[in-house]
Asker: 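Could you have a look at this structure, given as structure tokens, before my questions?
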Protein chains: 2
Amino acid sequence: MKNTTINHILEVGTQLISKKGFHNVGLQEVLQTAKVPKGSFYYYFKSKDDFGLQVIRYYSEQSIKIFASYLQNQALAPRDRILSFFQDRIAIYKEQEFTEGCLLGNCSLEMSDIKVAFADTLAQELDRWQALFEACIQEGQDSGNIPSKKEAGRISALLLNNWEGALLRMKASKDGTALDLFLEHAEEQLS
Amino acid sequence: MKNTTINHILEVGTQLISKKGFHNVGLQEVLQTAKVPKGSFYYYFKSKDDFGLQVIRYYSEQSIKIFASYLQNQALAPRDRILSFFQDRIAIYKEQEFTEGCLLGNCSLEMSDIKVAFADTLAQELDRWQALFEACIQEGQDSGNIPSKKEAGRISALLLNNWEGALLRMKASKDGTALDLFLEHAEEQLS
DNA sequence: ATTTTGTATTAGACCGGTCGTCTACAAAAG
DNA sequence: CTTTTGTAGACGACCGGTCTAATACAAAAT
């Protein structure tokens, strides 16, 4: 049962940290929304940092499943897989009134300079994300579906970084213009 | 003397919050590095939030001076003003080993969902930044120095958002590839 | 059926730090 | 001399992450 409890705590932690950030969420809040007694925390995790790192990996893993469901969907052309992914994300952000954004992005700015372990895992997970996009772009270039001659690795890095930038601007301005602009620009980059 | 003390506190606050984030910096740390007693702090600021908002405005103001020194420099063509600005920023980030990034970007992700007052001022200051770039781009388009037919407002938004995204990736990966990629891409956007 | 053993789980205390208030005092201005 | 402006830091109430000692409980042994 230990593992299911851990996963439940991680799920709750993901939600809370997405909304409020790592430093702004206390163990108390995590544990009582997860309905786990306070004393148990250090039975499941060796520290709050350990917990945070596991939340990051957990969130990344969940996200990768979503990415794959789009980017490896053989029913669509590679270019459309990517664009429909972003279109759907944008719709979600509009529904939730431009909150949360990306936990990896949020933690990248909040934690990378403070704890190397965070920078390391964040960089690693972002690289995994980028690789998924890169493979899809490469596939599109090979088949002629994506005409751009720029290296797939660079296009994928630009897409990911620009997307994080758009989410940042979205969170501050609480509107969708940055997202719409990103999408329009992404369409050009994949042409 | 009121103004010099306030500015000193804001300067120290800017430094600390740039490096560690808002929630990860306590009043105690601010006060003892600024060598100002607590009693003075609450004489000048009505709360930590008030302090944070003023730090954001202070940082933005300082940044705008730097922007203007590049973007309104009549000795260079508009396109070169923009590119040299980013080139110089990149050099600085490489020197300081890819830390800190942009206080406005950092606070945008950390604070926007938690306190509306932060989202408001952050959005406002980011808009001011964008307007400076927009004016320079417009000037370049009018003179033919920047051939792109895309609206200056959109180009400037893309540049700013993509720049913040590049800084985010830089902080996590602790290397300059995201910055170099951004610059290369910016050169294309201004062609 | 009862006791023993060993592990899974939790209660609760700990200490340090959080922000903010308040009172006393010094310095400067009028 | 009085009032304003700013300094000084103790204090309170609370919350942070952490840890140890105690419990709950299941399986094994008697």
Side-chain angles (χ1 to χ4, degrees), chain A residues 1-58 103 106-107 110-118 121, chain B residues 1-58 106-107 110-111 113-118 121:
Chain A
M1 298 304 95
K2 184 169 176 177
N3 248 332
T4 78
T5 308
I6 287 183
N7 267 32
H8 179 230
I9 300 176
L10 289 177
E11 181 60 41
V12 168
T14 302
Q15 242 63 50
L16 255 28
I17 293 176
S18 287
K19 289 187 210 303
K20 315 180 51 173
F22 183 75
H23 285 109
N24 198 36
V25 171
L27 263 14
Q28 184 172 281
E29 186 177 6
V30 174
L31 295 169
Q32 68 194 27
T33 60
K35 293 189 183 72
V36 168
K38 180 153 191 240
S40 300
F41 183 83
Y42 285 87
Y43 173 69
Y44 298 113
F45 302 95
K46 75 182 220 302
S47 67
K48 194 195 177 188
D49 282 4
D50 175 41
F51 163 68
L53 291 170
Q54 292 204 43
V55 165
I56 288 170
R57 292 197 204 93
Y58 179 86
L103 189 145
N106 299 349
C107 287
E110 188 181 353
M111 305 302 297
S112 293
D113 281 0
I114 306 174
K115 312 257 167 108
V116 265
F118 278 82
T121 42
Chain B
M1 297 305 95
K2 182 166 178 175
N3 240 340
T4 78
T5 308
I6 287 187
N7 270 28
H8 179 230
I9 299 176
L10 289 176
E11 181 61 40
V12 167
T14 302
Q15 241 64 51
L16 286 171
I17 293 176
S18 288
K19 290 188 210 304
K20 314 182 52 174
F22 183 74
H23 285 110
N24 198 34
V25 172
L27 261 14
Q28 184 172 274
E29 186 176 6
V30 174
L31 296 173
Q32 66 194 27
T33 60
K35 295 191 182 70
V36 167
K38 197 162 213 171
S40 297
F41 181 87
Y42 281 94
Y43 176 71
Y44 294 117
F45 303 97
K46 76 183 217 303
S47 66
K48 193 195 176 187
D49 281 4
D50 176 39
F51 163 68
L53 291 170
Q54 293 205 42
V55 166
I56 287 169
R57 293 198 204 91
Y58 178 86
N106 299 347
C107 286
E110 188 182 353
M111 304 302 297
D113 281 1
I114 305 175
K115 314 256 168 108
V116 264
F118 278 82
T121 44

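Below, read A as the first sequence line, B as the second, and so on, with proteins coming before strands; counting in each chain starts at 1.
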Asker: Tell me the side chain to side chain donor-acceptor pair (under 3.5 Å) pairs involving residues 30-41 of chain A, sequence neighbours left out?
Answerer: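 As it turns out, there is no side chain to side chain donor-acceptor pair (under 3.5 Å) pair with a partner in residues 30-41 of chain A once direct neighbours are skipped.
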Asker: I need the residues from residues 8-29 of chain A with at least one non-hydrogen atom less than 4.0 Å from DNA chain D; give them sorted by number, or say none.
Answerer: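 Listed by number, they are A/V25, A/G26, A/L27, A/Q28.
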Asker: Quick check with a 6.0 Å cut-off and a 45 degree axis cone: is A/K2 positioned over the face of A/Y43's six-membered ring?
Answerer: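 Positive - A/K2 is close enough to the ring of A/Y43 and near enough to its axis.
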Asker: Which heavy atom in B/F51 sits nearest to a heavy atom in B/F45, and how many Å separate them?
Answerer: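 Shortest heavy-atom separation between B/F51 and B/F45 comes out as CA-CD2, 3.8 Å.
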Asker: How close do B/P37 and B/L31 get, counting heavy atoms only, and between which atoms?
Answerer: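 Scanning both residues, the minimum pair turns out to be O-CD2, 4.2 Å.
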Asker: Looking at A/F22, is A/K115 sitting on its ring face, NZ or CZ under 6.0 Å from the six-membered ring centre and within 45 degrees of the normal?
Answerer: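 Pair A/K115/A/F22 does not count as cation-pi.
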Asker: Which of residues 32-51 of chain A have a heavy atom under 4.0 Å from DNA chain D?
Answerer: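 Hits under 4.0 Å, by residue number: A/K38, A/Y42, A/S47, A/K48.
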Asker: Measure from the side-chain N and O atoms of A/E110 to the backbone N and O of B/G21, and report whether any donor-acceptor pair falls under 3.5 Å.
Answerer: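 Here the side-chain-to-backbone pair does not exist.
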Asker: Show the nearest heavy-atom pair for residues B/V36 and B/T5, with the distance to one decimal.
Answerer: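 Smallest interatomic distance, heavy atoms only, reads CG2-CG2, 4.3 Å.
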